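Counting begins at 1 with the first residue of the sequence. All heavy atoms count here, side chains included; hydrogens, waters and symmetry mates do not. On a predicted model such as this, the values are computed, not experimentally measured, just so you know.
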Amino acid sequence: MKKFLKEFKEFALKGNVMSLAIGVIIGGAFQAIVTAFTENIINPIIGCIGGTDVQGKIHLMGDQYINYGAFITAVINFIIMAFVLFLLVKGINKLMSLGKKPEPEAAPLTRKCPYCFGEVDIKATKCMYCTSDIEPEKE
């Protein structure tokens, strides 16, 4: 049981899991701000410009209706949220890359056979494709 709890603690405290949890919490809190912005600022502007009611409904039979205004509001909310999250992730990635040094390129592990141009191991002395003798690489 101790090993299980230790593994769970390591998993839960990894950077990716913690970042995801923080992102979900911040996203939930930010959703209220975006919804208020859309309903109180964006929708009245759209209503003034287009002359349409963003909270509009198409009445069907009886009390049934299609609430296209709520759908438009949800789409606007989604676009704003996606844009803000994009900027947030872009900013975090920029911050994370500031301290990193570029990794040096690794030495090649293969080379081309001069006779058949097949890929052979760098240490090979015989080509596995055409069985030609190959001079070893000089270090």
Quiz item: In the single-linkage hydrophobic clustering (I, L, V, M, F, W, Y; side-chain heavy atoms under 4.5 Å), do F83 and V75 co-cluster?
Solution: no
About how many Å separate [atom2] of [Y] and [atom1] of [X], when rounded to the nearest 0.5 Å?
{"X": "F117", "Y": "C127", "atom1": "CZ", "atom2": "SG", "result": "11.0 Å"}
{"X": "K3", "Y": "L5", "atom1": "NZ", "atom2": "CG", "result": "12.5 Å"}
{"X": "E119", "Y": "M128", "atom1": "CD", "atom2": "CE", "result": "9.0 Å"}

Quiz item: Hey, does the side chain of R111 reach the backbone of K123 with a donor-acceptor pair shorter than 3.5 angstrom?
Solution: no
Quiz item: Do I80 and V34 have side-chain heavy atoms sitting under 4.5 Å apart?
Solution: yes
For [X] and [Y], work out which heavy atoms get closest and say how close.
{"X": "T131", "Y": "K126", "answer": "O-NZ, 3.3 Å"}
{"X": "V120", "Y": "C113", "answer": "CG2-N, 4.4 Å"}
{"X": "I134", "Y": "P114", "answer": "CG2-CD, 4.3 Å"}
{"X": "Y129", "Y": "C116", "answer": "CB-SG, 3.9 Å"}

Quiz prompt | Test log, rule side chain to side chain contact (heavy atoms under 4.5 Å, CB included), inputs L109 and D121 | solution = CA-CA 6 Å; L109 299 176; D121 191 83; 5.5 Å; no
